[in-house]
Asks: 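Encoded as structure tokens, here's the structure I'll be asking about.
Not measured: the values here are computed from a predicted model. Order of the sequence lines sets the chain letters (A, B, ...), proteins ahead of strands, with each chain counted from 1.
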Amino acid sequence: MMKPRHLLDRLFILSLWIAALIVITILAAIILYLFSKGSSFISLDFILDRPQGSPLGSAGGVMPAIMGTIWLVLLALLAAGFPALFTAIYLNEYGSQRKSSRIMNILLQSMASVPSIITGLFIYALCVVRLGWGISLLAGSMALALMIFPVLVVSIREALRSVDSQTRLAAAALGVSKTYSLRRIILPQAIPGILAAFLLAMGYAAGATAPIMVTAAAIVAPAPQSLFQPVMALPYHLYILFNEHVSMQQAYATALVLLILLLSINALALYLRSWQERKQAG
Amino acid sequence: MKKRSVISLLLVSLLLGLLLSGCTQQKSAVEKQSAEPQKATIKIGGSSTMAPIVAKCADNFTEEYKTWNKADASLPEEPIVIFVSTGGSGFGLKSAEDGTFDLGLVSKTLKDEETSPFAQGEIVQIGSDVLDIAVNPQNPAAKQKTNMTSAEIKDIFSGKITNWKQLDPKLPDREIVVAVRDIGGGASEVFDKAIMKGTPISAKAQQIPSMGALAAKIMDNPDTIGYVSSGLVNLNPDKLVPISVDGVAPTLDNIKSGKYIIGRPLLILSKDKADTREKLFIDYLTSEKGQAVVDEMGYIKAE
Amino acid sequence: MQVLKFKSDKVDTFLGSLFLVTAWASVLLLAALLLFLLLESWPLWSRVGVLSFISGQVWLPLSAVPQIGIAPMLVSTLWVAAGALVLAAPLGLACAAFLAEFAPAPLTAVMRPVLNLLTGIPSVVYGFLGAAVLVRFFEVSFDLPSGESLFAASLVLAIMVLPFIVANSEIALRSVLNDYRHTSLALGVSRPYYVMRILIPAARKGIIASMVLAFGRAAGETMAVLMMAGNTMFMPGSWFNQGEPLPALIALELGSASPGSLHYQALFAAGLVLLVLVILVNILLSSFLLPKGNEVKPF
């Protein structure tokens, strides 16, 4: 009588193993496929050269796109970084018990769910059209800043939260001022986590295409020289290379460069995060 | 205690200062931008058909001269920087008008109300294009139905004829995939004027964001029909097969004589009188070197 | 000492209010965004009307007699997102249960960061691979006239949201009290029975929340659907039809709509509909599904 029950249990566990295996296989397959298709076209020249050939982009490299992406991401981080840090500190250290912070949480959650094309639409109408910035680096980085802001807040708050609350209580009990305990106790401990949050947000911004499509991207532009000029960006360059049928080889190579860039940023972020966790635990 | 609070105050004011200086820097950059009438750069955007041509010309132009003073001695020694964006003729028209771009690219015949904002500026034709009705070479129609009447084409694109067999009994019993440019494209308007004459395009037609992508769609899919720039057909002779319309093949002669009906000019526009730099580049486009690129990309040179 | 205390109190108050003001100002950007979209699309609402805008079947904003309706795009959006969820939910939940209950510790230690890492693959890469590989595959192996379809888009979106579902569901499963497990196992209940009958029901709120969040993400995704869904303005009748979800519509046409025109307003109205849809989903999520202080990680 036990047997069929036992068999079913085994089957159940087996199916879970299979599900996990499928998930990992799909995702690993994607990465391996990109590597196998793209790696033979990547060379130092490809990374350092500008797009060439006819139609433009069918030969040469992606340097201006890499520079464009780096500038877009750094400016976005600059614009969103401090407000996000302040908001996270407020949420975690000051207002965590208040009712207003629950509302703020809901708003933040809603903000995080705003589709990236909507941030693009908003910035396009506000900055590109109304403020007359034109299709520009600045407008694009504003769109990205708006997109990464909630993500930053949530992960910085996560980093602050993981600081042992014992120390916080002890500091308060000793009558240490809030500013002091923030500066001397909480922030230093949370620094790796906060850095990780910044890195994650950078990765998120570097891969986003929809927000910059209408606000910043050009198919040909040199590496950025001014805030008010359009720029090339890696994800948009990939979209153009593929969609305009410029060159599949170049598209695979560009996709791989983008992927390697993002995966290494993410890996670094995860490493920092786990390092902080281990330090806290130990 | 005192020292520390002073330090933290300093820190905060530094933070604030950074923020503020960030803001003012942005502001001063805005002022600089608007105070400078002669921009050292040219921003160009619009028609997805023209963007690759102009991008290639811009690249050649930049490579040839590097700095503006080499192109024209009266200009300062600044590096030449030209931006090319895509987005469609509608986008080119609109952004040349509102100043988002210095020069707009438009690949369609302009209506009167569309030319009026450019009365003070320039409208220069750098070449011509023809829309070929094209199919994939693997499609039996490429051999057996090399001519279609404009009524047939209209029925296909409006969704009245949905199957190849319905079009011609010799053809296979397969669904016709209709590919069109989205409503921002110049081609969609040209096609509407020449063939559809106001009849709406079928809702089942796939909207494709650029001419290059539309050609790619036909090259990839044997059941697709669409209108493609002659340039792309000429560049891919074994991947795209043009169909005659009302017995007229889209050949250079038929186009020049006006027998083939779906043609359009390739225009570059500026809202105000072109400044020296813009003039230089427009002249380059219409020069022999620029026209060679137009020809090389498969389009018809300007007269 | 009294004086010093007073000073640092002042700094405290100052910093506290600085944080407060920044926090509210930033978060209220959301309201500004909503208001702005409403403002830009306002003339359209009064001209066309909310109901006929949402239920209208024809999108011809540039013709002589403009007709503006987004029903086919709205249906495509919902269909694509719901489809992605149908594909990803069972797999994601199974994977989460596996990680939370059955996986050997070293395997979990590898899988979790790998899954986390994969959330970093951008949507344009997924869209590119989908369009380059999947579309062709569908055309060849199912002999379809056109490989782009809502299904193809759902499939790619499903892969995109999978890591999020796994991560959030696993958090939900792990937050169930350990007492349940000890009691059940002590009573001789088998682990599969415990997972199916006790663990998952106990964590259902968090699990549903992770699904709803994934739905919202899928509905707002642009690049993958733009490249995979086929972009037809036709009311989809099956999963294997083509369609043009709202984000794709906006991305495709925004560039060519001249500011202030009916077309421009219509695109902002479409954006507003999409935004309201996604935010409503979130507010439902926050007010009904989630216990206080237990937010799902949005990315």
Asks: For a 4.5 angstrom cut-off between non-hydrogen side-chain atoms, does A:Leu263 reach C:Leu117?
Replies: yes
Asks: Between C:Pro113, C:Gly16, C:Gly216, which has the largest tally of heavy atom pairs under 4.5 Å with chain A?
Replies: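 Looking at each option in turn, the highest pair count goes to C:Gly16.
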Asks: Give the table of side-chain donor-acceptor pairs shorter than 3.5 Å for residues 88-98 of chain C, with sequence neighbours excluded, one pair per line with atom names and distance.
Replies:
none

Asks: Can you tell me which of A:Ala210, A:Gly120, A:Ala269 forms the most heavy-atom pairs within a distance under 4.5 Å of chain C?
Replies: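 Greatest number of close heavy-atom pairs with chain C: A:Ala210.
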Asks: Is C:Leu280 in contact with chain A via its backbone, its side chain, both, or neither, using a 4.5 Å heavy-atom distance?
Replies: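 Interface part for C:Leu280: neither.
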Asks: Judged by modelled atom types alone, do C:Asn282 and A:Ser113 share a side-chain donor-acceptor pair under 3.5 Å?
Replies: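 On atom types as modelled, these side chains qualify, holding a pair under 3.5 Å.
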Asks: So C:Val195 and A:Phe12, do their side chains get closer than 4.5 Å, heavy atoms only?
Replies: yes
Asks: Between C:Met111 and A:Ile24, which heavy-atom pair has the shortest distance, and what is it?
Replies: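 Looking at all heavy atoms of both residues, the closest pair is CE-CG1, 3.5 Å.
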Asks: Do C:Leu275 and A:Pro115 have side chains that get closer than 4.5 Å, going by heavy atoms?
Replies: yes
Asks: With a 4.5 angstrom heavy-atom cut-off, is it the side chain or the backbone of C:Ala25 that approaches chain A, or both, or neither?
Replies: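 No part of it gets close to chain A.
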Asks: Output the option from C:Ala31, C:Ala32, C:Ala103, C:Ala251 having the highest count of non-hydrogen pairs under 4.5 Å with chain A.
Replies: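 Looking at each of C:Ala31, C:Ala32, C:Ala103, C:Ala251 in turn, C:Ala251 comes out on top.
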Asks: Who wins among A:Leu27, A:Leu262, A:Ile30, A:Thr119 for the most heavy-atom pairs under 4.5 Å with chain C?
Replies: A:Leu27
Asks: Using non-hydrogen atoms only, which part of C:Val114 is less than 4.5 Å away from chain A: side chain, backbone, both, or neither?
Replies: side chain
Asks: For C:Ser26 and A:Pro83, which heavy atoms make the closest approach, and how far apart are they?
Replies: OG-CB, 3.7 Å
Asks: Rounded to the nearest 0.5 Å, what separates atom CG in C:Leu129 from atom CG in A:Leu259?
Replies: 9.0 Å
Asks: Identify which part of A:Leu85 has an atom lying under 4.5 Å from any heavy atom of chain C, answering side chain, backbone, both or neither.
Replies: neither
Asks: Closest approach of A:Met104 and C:Ala23, non-hydrogen atoms and distance?
Replies: CE-CB, 3.6 Å
Asks: Step by step, work out the side chain to side chain contact (heavy atoms under 4.5 Å, CB included) result for A:Phe86 and C:Leu18.
Replies: CA-CA 8 Å; A:Phe86 289 177; C:Leu18 175 71; 3.8 Å; yes
Asks: Is C:Phe268 in contact with chain A via its backbone, its side chain, both, or neither, using a 4.5 Å heavy-atom distance?
Replies: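 When you check distances to chain A, atoms from both the backbone and side chain of C:Phe268 fall under 4.5 Å.
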Asks: For C:Ser123, which residues count as a side chain to side chain donor-acceptor pair (under 3.5 Å) partner, sequence neighbours excluded?
Replies: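 Per chain and number, C:Ser123 pairs via side chain to side chain donor-acceptor pair (under 3.5 Å) with C:Glu221.
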Asks: So which part of C:Leu115 gets closer than 4.5 Å to some heavy atom of chain A, the side chain, the backbone, both or neither?
Replies: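 The side chain, not the backbone.
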Asks: Among C:Val278, C:Ile279, C:Leu254, which residue forms the greatest number of heavy-atom pairs with chain A at distances under 4.5 Å?
Replies: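 Result: the option with the highest number of such pairs is C:Leu254.
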Asks: Below 4.5 Å, heavy atoms only, C-beta onward: do C:Ile250 and A:Tyr124 meet side chain to side chain?
Replies: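 In short, these two side chains do not touch, never coming nearer than 4.5 Å.
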Asks: Taking side chain as everything from C-beta outward and backbone as N, CA, C, O, which of these in C:Leu162 sits under 4.5 Å from a heavy atom of chain A? Side chain, backbone, both or neither.
Replies: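 Side chain only.
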Asks: With chain C as the partner, which of A:Gly203, A:Ala208, A:Ala251, A:Ala125 has the greatest number of non-hydrogen pairs under 4.5 Å?
Replies: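 Top option by heavy-atom pairs under 4.5 Å: A:Ala125.
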Asks: Can you tell which part of C:Thr222 gets under 4.5 Å to a heavy atom of chain A, answering side chain, backbone, both or neither?
Replies: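 Answer is side chain: those atoms of C:Thr222 sit under 4.5 Å from chain A.
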Asks: Do A:Met213 and C:Leu226 pass the side chain to side chain contact (heavy atoms under 4.5 Å, CB included) test, and can you show the C-alpha distance, the side-chain angles, and the key distance before you say yes or no?
Replies: CA-CA 12 Å; A:Met213 237 173 138; C:Leu226 179 65; 3.9 Å; yes
Asks: Could you go through the side chain to side chain contact (heavy atoms under 4.5 Å, CB included) check for A:Arg130 and C:Phe36 one step at a time?
Replies: CA-CA 11 Å; A:Arg130 295 256 159 147; C:Phe36 197 78; 4.2 Å; yes
Asks: Where does C:Val21 contact chain A at under 4.5 Å (heavy atoms): side chain, backbone, both or neither?
Replies: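 The answer is neither part of C:Val21.
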Asks: Let me know if C:Val281 has heavy atoms under 4.5 Å from chain A in its side chain, its backbone, both or neither.
Replies: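 When you check distances to chain A, no heavy atom of C:Val281 falls under 4.5 Å.
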Asks: Taking C-beta and beyond as the side chain, do C:Val133 and A:Tyr33 meet within less than 4.5 Å on heavy atoms?
Replies: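 Side-chain contact under 4.5 Å: yes.
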Asks: Between C:Pro192 and A:Ile13, which heavy-atom pair has the shortest distance, and what is it?
Replies: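 Here C:Pro192 and A:Ile13 meet closest at CG-CG1, 4.1 Å.
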Asks: Measure the spacing between CG of A:Asp9 and CZ of C:Arg191 and express it to the nearest 0.5 Å.
Replies: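 Here the interatomic distance stands at 11.0 Å.
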Asks: Of all heavy-atom pairs between C:Leu30 and A:Ser110, which one has the smallest distance, and what is that distance?
Replies: CD2-CB, 3.8 Å
Asks: Given heavy-atom pairs under 4.5 angstrom as the criterion, report whether the side chain, backbone, both or neither of C:Leu246 touches chain A.
Replies: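 When you check distances to chain A, no heavy atom of C:Leu246 falls under 4.5 Å.
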Asks: Starting at CG of A:Leu121, measure out to CG of C:Leu33 and round the result to the nearest 0.5 Å.
Replies: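 One gets 8.5 Å once the value is rounded to the nearest 0.5 Å.
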Asks: Does the ring centre of C:Phe128 sit less than 6.0 Å away from the ring centre of A:Tyr252?
Replies: yes
Asks: Find the one option among A:Val214, A:Leu258, A:Val23 whose heavy-atom pairs under 4.5 Å with chain C are most numerous.
Replies: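 Between A:Val214, A:Leu258, A:Val23, the count favours A:Val23.
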Asks: Considering only heavy atoms and a distance below 4.5 Å, find which of A:Ile117, A:Ile123, A:Ile18, A:Ile135 pairs most often with chain C.
Replies: A:Ile117
Asks: Which value, rounded to the nearest 0.5 Å, describes the distance between C:Leu35 atom CG and A:Phe122 atom CZ?
Replies: 9.5 Å
Asks: Heavy-atom distances under 4.5 Å only: say whether A:Leu241 touches chain C with side chain, backbone, both or neither.
Replies: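 Neither the backbone nor the side chain of A:Leu241 comes within 4.5 Å of chain C.
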Asks: If you apply the rule side chain to side chain contact (heavy atoms under 4.5 Å, CB included), what do you find for A:Val153 with C:Val27, and how did you get there?
Replies: CA-CA 10 Å; A:Val153 175; C:Val27 171; over 6 Å; no
Asks: As an exercise, state the distance from CG of C:Leu20 to OG1 of A:Thr87, rounded to the nearest 0.5 Å.
Replies: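 Spacing of CG (C:Leu20) from OG1 (A:Thr87) equals 10.0 Å.
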Asks: Which pair of heavy atoms, one from C:Val124 and one from A:Gly207, lies closest together, and at what distance?
Replies: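 Answer, listing the atom of C:Val124 first, then A:Gly207: CG1-O, 4.2 Å.
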Asks: Distance check, rounded to the nearest 0.5 Å: A:Ile89 atom CD1 versus C:Phe19 atom CZ?
Replies: 4.0 Å
